[in-house]
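Keep in mind that what you see is a predicted model, and the values were worked out from it rather than measured.
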Amino acid sequence: MNSLPCLSLSLNVPGFPKSNHTVSVFFQSCLNDLKHYFIAHRIEIHENNTIEICDAAGDFFLVPLSINDFSLNKIKQICEDFEESHPLGRFIDVDLNDHQGNSVSSGKSKLCFYCREKPAIECRREKAHDFDQLRSFMFLVMDEYCRKQREERIAKKLSELAQQAILAEISLTPKPGLVDQVSSGSHADMDFQTFVDSTNAISLWFGELVREGFAFHEKDLTQALPRLREIGLRMESDMFEATGNVNTQKGIIFLMGLSLFACGKLLGQGDHFQVEEFRSIIKATCKDLVKNEMVNAVGSGKSHGEKIFLKYGFTGARGEAESGFATVFNFGLPQLIQSKELNDEALTQCFLAIAANNNDTNILFRSNPEVLYAFRKLCKIALEDFNLANYVALIDFCKYENISPGGSADLLAVTIFVWLVIQAGDQDHFTF
Ligand SMILES: [Zn+2]
């Protein structure tokens, strides 16, 4: 190890103890960033010869590196650039020792992280600041930084899972009446590519919805709706732009939007995803939604869902949301949870379990309650006696009646999303 220069990372923690939970979490985050920074600058670090300790002197990391075409001064410059580019770089010490263990210095002095007026070394020598004051300031700033980092990682993870769920539903082939990889089902104006383009456009907003959940602290969750609607409308604009004015995913924008918001709210409060907690956030957010948006909207009904409500009284996606996704949790998830992986058979059975129990307003919009009940019955048969002939009979029925169970497809995507979030929670993806 002595024959190579070494890079080290430590933190400037005044007083004792030098480490605690906050400091260690922050240290790990810095270490991760530092490794990426050095690799990105094409500096070879010898990862299998690292020393990582946390003792009375605090958290410490040391790794030998190969100089290759770089001079030690150039590497020292990269160390300083890393410190300067990091939002809390003033807490961080990235040092370089040459192959004999001597510190490589650029001769520059760092400003004190607290007053930012004098060089740190002067404030330290003069004991210019009270240790307790310094420490509480530092821990507060680190805590805030780590919280934001955690939220960003969770927002990314949940966005990934939402996109995965939507693409899994779209890709499932064959499906009755719906767009899949080989058929446009009962749709003349869209195909698989339209859905891929649409998903691509709306998924860029998923992180925003999670962040709304993190930031929402009011007691009355219905107060979140105007902001969620605003994001939803922007998503719809982007969807129409991507599809040439075809409505592919209005339903899923609504349902997944609520789901992502609820996950943000839930995981902003703790590390664990709990189904009941998730449902109660959705319920509280959508309290009286049917009454406010459908009953009181009588006469001005414009959307498919509103027209169906006026005609038959079925509450569609809004009713499902107000119930805390009753169909998802009573029928979809119990079916999907039996499977250890998301294969075609598991997803098809999950779809059937949902469709057999859902008053799908997309079907009603093109037909009537008799056709809906006949469809639901065929779904039930296809699920109970799961074979190709029964499934093909269902597909043929949808073709003949020219119907598409788009509402059930949306609920399948939500079910897959919840299944994926539960799995991610089990794998500690939300614990940092
Ligand atoms: Zn100072």
Side-chain angles (χ1 to χ4, degrees), residues 169 175-179 185-190 222 225 229 232 236 246-259 279 282-283 285-332 335 350-383 393-415:
E169 181 276 308
K175 285 193 299 280
L178 294 157
V179 171
S186 306
H187 300 272
D189 55 350
M190 54 182 99
T222 61
L225 283 177
R229 273 194 211 103
E236 285 179 16
V246 179
N247 172 15
T248 40
Q249 293 180 307
K250 257 186 160 183
I252 200 65
I253 288 173
F254 172 67
L255 296 167
M256 197 60 87
L258 281 170
S259 301
R279 289 195 68 180
I282 301 273
K283 274 187 209 169
T285 307
C286 300
K287 190 170 177 283
D288 296 330
L289 198 63
V290 170
K291 192 178 87 189
N292 294 338
E293 295 199 357
M294 298 176 97
V295 178
N296 295 341
V298 167
S300 65
K302 282 194 197 105
S303 76
H304 289 190
E306 281 157 4
K307 282 180 187 161
I308 294 301
F309 178 73
L310 290 178
K311 209 165 168 187
Y312 304 114
F314 290 118
T315 56
R318 289 184 185 85
E320 177 71 12
E322 194 172 330
S323 73
F325 298 157
T327 312
V328 167
F329 288 101
N330 293 341
F331 304 105
Q335 180 68 45
C350 179
F351 170 77
L352 291 171
I354 291 167
N357 293 283
N358 184 27
N359 288 323
D360 196 318
T361 51
N362 289 51
I363 292 181
L364 287 167
F365 186 70
R366 293 198 196 193
S367 63
N368 55 59
E370 286 68 43
V371 172
L372 170 69
Y373 295 135
F375 167 81
R376 283 179 53 177
K377 198 172 173 194
L378 285 174
C379 289
K380 195 163 181 273
I381 293 167
L383 179 63
L394 180 66
I395 291 172
D396 289 345
F397 178 80
C398 290
K399 206 176 197 174
Y400 178 77
E401 295 288 349
N402 194 33
I403 54 167
S404 171
S408 295
D410 290 342
L411 297 183
L412 171 64
V414 173
T415 307

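A donor-acceptor pair under 3.5 Å links the side-chain atoms of Asn368 to the main chain of Val371, judged by distance alone. Judged by distance alone, with hydrogens and angles left aside, the side-chain atoms of Arg366 form a donor-acceptor pair with the main-chain N or O of Asn402 at under 3.5 Å.
Remark: Arg318 engages Glu293, Glu306 in a side-chain hydrogen bond (donor to acceptor under 3.5 Å, both in side chains) (not counting sequence neighbours).
Across all their heavy atoms, Met190 and Thr248 have their closest contact at SD-CG2, 4.0 Å. The two atoms that bring Cys398 and Phe375 nearest to each other are SG-CE1, 3.6 Å, heavy atoms only. In this structure, Cys350 and Leu412 approach most closely via the heavy-atom pair SG-CD1, 3.6 Å. In plain terms, the two heavy atoms of Asn358 and Ser408 that are nearest each other are ND2-OG, 3.1 Å. Pairing each heavy atom of Leu289 with each of Glu322, the nearest pair is N-OE1, 3.1 Å. Annotation for Ala321 and Cys286: closest pair CB-SG, 3.7 Å, computed over non-hydrogen atoms.
Ion pairing between Lys175 and Glu169 holds under the 4.0 Å rule for side-chain N and carboxylate O.
Arg376 pairs in a side-chain hydrogen bond (donor to acceptor under 3.5 Å, both in side chains) with only one of the listed residues (Asp360, Asn359, Asn357), which is Asn359.
Contact of the Phe325 side chain with the Leu255 side chain is registered, since non-hydrogen atoms from C-beta on lie closer than 4.5 Å.
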